[in-house]
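So the structure is just underneath, and the comments pick up after that.
A, B, ... follow the sequence lines: proteins, then strands. Residue 1 opens every chain.
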Protein chains: 2
Amino acid sequence: MKKIKVKCWVEDEGEKFYGPGPNELLKRIQEEGSLSRAASKMEMSYKKAWELVQRLNQHAEEPLVILKKGGQHGGGAEVTPQGLEIMREFENLQRKIAELVEQQTDLIKVLK
Amino acid sequence: MKKIKVKCWVEDEGEKFYGPGPNELLKRIQEEGSLSRAASKMEMSYKKAWELVQRLNQHAEEPLVILKKGGQHGGGAEVTPQGLEIMREFENLQRKIAELVEQQTDLIKVLK
DNA sequence: TGGCGATATATACGTTTATACATAACGCTT
DNA sequence: AAGCGTTATGTATAAACGTATATATCGCCA
């Protein structure tokens with residue numbers, strides 16, 4: 001069974017910036033309130049997740065995630081309103097592209 | 001400057017089958033008439049190009065590329081009519097997706 | 001002030017992936 | 001029969017990437 005796959009992401013100056021991976025991480029952070037728990041829930045190493053957050057915050061106009069260490073619960077992670085907005089718009093784009101692809105049957109016909 | 005990128009490809013039973021790489025290889029084969037020249041023109045190792053052709057021909061209903069060895073010119077490579085049809089339909093899909101993405105400005109606005 | 005849970009950071013290791021290199025096989029041409 | 005250019009195939013090396021591990025830091029709380 002052959003299927004058409006599609007992936008979209010955002011680059012900044014030719015460098016990967018925001019895509020499906022970062023988007024899932026932000027969603028998990030929102031659910032968990034913790035970067036380490038968010039990372040382990042999506043089978044991503046903490047190191048990779050942390051570096052990803054650094055890259056996101058550096059390339060964005062305003063931080064998308066706030067990391068806090070120490071304190072009552074030892075620290076935590078939070079998605080900012082800007083982060084939420086990007087999540088919303090990115091998933092919007094993904095949905096539109098997926099809808100377009102579903103309508104395309106010619107290529108699959110050729111492949112059988 | 002932030003840009004939206006998109007990539008599409010075809011999978012067969014969860015395995016990568018046809019995408020931008022194979023598509024470019026087929027185009028080069030058509031131009032060069034030789035797998036080794038096609039590979040070097042696109043900075044791909046001959047070995048990888050050869051394995052790619054094997055995978056394409058195995059997963060397709062009919063071969064997409066014919067390889068011949070020995071003979072007047074030492075051998076050569078040729079894209080079959082089925083290969084040409086897949087190239088055409090794949091580039092069609094790429095174009096439609098690119099057109100859709102160009103219309104989407106909301107995400108870029110959020111990112112600035 | 002010691003403990004807790006989370007962030008912060010470096011190092012070592014293993015896995016994957018691609019390339020470079022070498023060599024063989026093929027079939028026409030001279 | 002020798003030469004040529006291309007396909008065919010294995011091996012060794014190298015580069016990229018992700019992970020596992022270990023340790024340090026922070027700040028509230030009991």
Enumerate donor-acceptor pairs with a distance under 3.5 Å from any side-chain N or O in residues 93-100 of chain A to protein atoms, sequence neighbours excluded.
{"residue": "A/Arg95", "atom": "NH1", "partner": "A/Glu99", "partner atom": "OE2", "Å": "3.3"}
{"residue": "A/Arg95", "atom": "NH2", "partner": "A/Asn92", "partner atom": "OD1", "Å": "2.4"}
{"residue": "A/Lys96", "atom": "NZ", "partner": "B/Gln104", "partner atom": "OE1", "Å": "2.9"}

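When the nearest nucleotides of DNA chain C are assigned to A/Tyr46 and A/Gln72 by heavy-atom distance, the more 5′-ward of the two goes with A/Gln72. Projected onto DNA chain D by closest heavy-atom contact, A/Ser45 and A/Lys69 fall at different nucleotides, the more 5' of which corresponds to A/Ser45. Checking B/Lys47 against B/Ser36, the closest nucleotide of DNA chain D that is more toward the 5' end is the one next to B/Ser36.
Atom CG in A/Leu52 sits about 14 Å away from atom P in C/dA8, given to the nearest Å.
Comparing atom distances between the A/Trp50 side chain and each of C/dA8, C/dA10, C/dA6 picks out C/dA8 as nearest. When the nucleotides C/dA8, C/dT19, C/dA6 are ranked by their closest atom to the side chain of A/Gln54, C/dA8 comes out on top.
Other residues, nucleotides and ligands contribute at most 12 non-hydrogen atoms within 6.0 Å of the NZ atom of A/Lys68.
Under a 3.5 Å cut-off, the side chain of B/Glu11 and the backbone N or O of A/Ile4 do not form any donor-acceptor pair. The backbone N or O of A/Tyr18 lies less than 3.5 Å from no partner atom in the side chain of A/Asn23, so there is not a single donor-acceptor pair. Between the B/Lys7 side chain and the B/Gly19 main chain, no donor and acceptor come within less than 3.5 Å of each other.
Nucleic acid contact class of A/Glu43 (heavy atoms, under 4.0 Å, all strands): sugar-phosphate only.
Distances shown here put a side-chain N or O of B/Lys48 below 4.0 Å from the OP1 or OP2 atom of C/dA18.
Chain A approaches DNA chain D within less than 4.0 angstrom (heavy atoms of the protein), and the contacting nucleotides run 5' to 3' from D/dG18 to D/dC29.
Side-chain atoms of A/Lys68 stay outside donor-acceptor range of the base of C/dA6, with no qualifying N/O pair under 3.5 Å.
For the pair B/Glu31 and B/Lys27, the salt-bridge criterion is not met [side-chain N within less than 4.0 Å of a carboxylate O].
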